[in-house]
Amino acid sequence: MSPSTGAALRLLAATVDAKAVAEIGTGTGVSGIHLLHGMRPDGVLTTVDPEPEHQQFARQAFRACGFASNRARFIPGRALDVLPRLADAGYDLVFCDGDRLEFLDYLAESLRLLRPGGLVVFEGVFANGRTVDSGPQPTEVTRIRELLRAVRESQELVPSLLPVGDGLLCAVKR
Ligand SMILES: C[S@@+](CC[C@H](N)C(=O)[O-])C[C@H]1O[C@@H](n2cnc3c(N)ncnc32)[C@H](O)[C@@H]1O
């Protein structure tokens, strides 16, 4: 994740005064650290990843950055298995950085999870320039194009595609 993407995540979390953030794709915790910095001091990051060793690494990284252990809730598992168990309208921000083939499903789940005025954010929607390349592209890229179209056409969302890093698609739920 680029430093500019990290800074944007901090800004977005602070803009919605985030107390509850859901993250799809814990990874090594880089995005989580930025989100935690932008959230309220009592805010809790719920982060989902099927790889236990990724979550273990992120847990250590959060601790090394000085975040109390109760600032993060680690849920092991695939997003589409875990997200249906999370509370309706219980989140101020949903950050999607998991499996790009599932981005459209994450959008549907996010609309349910977000409170009105909450933000959904997708990382990497430029796909290293392939999203706007007219040549043949893998399914991952066609799925991202479908996501961009769905967000643009949604009556429930006010979107903006920020040209930071590999493209950060943001949308506010009305
Ligand atoms: C690009 S990395 C995330 C990087 C992380 N946000 C960071 O900044 O450190 C993608 C992560 O998504 C996880 N992942 C893959 N499929 C997933 C799924 N179906 N649900 C949730 N996470 C998934 C991978 O294990 C990987 O850790």
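Just follow the structure's listing: the first ligand is 1, and inside any ligand the first atom is 1.
For atom 3 (C) of ligand 1, the nearest protein heavy atom (residue, atom name, distance) is D97 OD2, 3.4 Å. Atom 16 (N) of ligand 1 has its closest protein heavy atom at D99 CB, 3.8 Å. The nearest heavy-atom contact from the protein to atom 25 (O) of ligand 1 is D49 OD1, 2.8 Å.
In this structure, R85 CZ and I75 CD1 are separated by 6.0 Å, a value rounded to the nearest 0.5 Å. Here R174 contributes atom CZ and L157 contributes atom CG; the two are 8.5 Å apart, rounded to the nearest 0.5 Å. Here M1 contributes atom CE and L168 contributes atom CG; the two are 7.5 Å apart, rounded to the nearest 0.5 Å.
Counting the atoms of ligand 1 from 1 in the order shown, those under 4.0 Å from a heavy atom of G29 are 9 (O). Per-residue contacts place P50 under 4.0 angstrom from the following atoms of ligand 1 (heavy atoms of the residue considered): 14 (N), 17 (C), 21 (C), 22 (N), 23 (C). Contact atoms of ligand 1 toward G25: 3 (C), 5 (C), 6 (N), 11 (C), 12 (O), 22 (N) (distance under 4.0 Å to a heavy atom of the residue). Less than 4.0 angstrom separates some heavy atom of E102 from each of these atoms of ligand 1: 19 (N). Near Y106, the atoms of ligand 1 lying under 4.0 angstrom from a non-hydrogen atom of the residue are 18 (C), 19 (N), 20 (N). Which parts of ligand 1 touch A79 is read off a 4.0 Å heavy-atom cut-off, strictly below it: atoms 18 (C), 19 (N), 20 (N), 21 (C).
Comparing heavy-atom distances from atom 5 (C) of ligand 1 across L101, D166, V30, T26 singles out T26 as nearest. Proximity annotation for atom 8 (O) of ligand 1: of S31, G27, G6, G32, S31 comes nearest, heavy atoms only.
Side-chain contact between L161 and V125: present, with at least one pair of heavy atoms (C-beta onward) separated by less than 4.5 Å. Using a 4.5 Å heavy-atom threshold, the side chains of E123 and S31 count as separate.
The one candidate from D49, T26, T47 that meets the side chain to side chain donor-acceptor pair (under 3.5 Å) condition with Q55 is T26.
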Practice task
Determine, step by step, whether K19 and D92 satisfy the salt bridge (charged side-chain N to carboxylate O under 4.0 Å, His left out) criterion, reporting the C-alpha distance in whole Å, the side-chain angles of both residues, the deciding distance to 0.1 Å, and the verdict.
Solution key: CA-CA 7 Å; K19 185 156 193 220; D92 306 298; over 6 Å; no
Practice task
Could you please spell out the steps behind the salt bridge (charged side-chain N to carboxylate O under 4.0 Å, His left out) verdict for R112 and E109?
Solution key: CA-CA 5 Å; R112 183 184 63 75; E109 286 295 332; 2.9 Å; yes
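Considering backbone and side-chain atoms together, F95 places no N or O closer than 3.5 Å to any N or O of ligand 1. The shortest N or O to N or O distance between R100 and ligand 1 is not below 3.5 Å. Checking only distances, M1 never comes within under 3.5 Å of ligand 1, N or O to N or O. For ligand 1, the polar-atom distance check finds no N/O of E51 at less than 3.5 Å from any of the ligand's N/O atoms.
For F95 and Y106, the ring centers are positioned 6.0 Å apart or more.
Residue contacts with ligand 1, taken as heavy atom pairs separated by less than 4.0 Å, do not involve E123 at all. Residue contacts with ligand 1, taken as heavy atom pairs separated by less than 4.0 Å, do not involve F57 at all.
No side-chain donor-acceptor contact under 3.5 Å links T139 and T142.
Geometrically, R59 engages F74 in a cation-pi contact, judged by NZ or CZ lying under 6.0 Å from the ring centre and within 45° of the ring axis.
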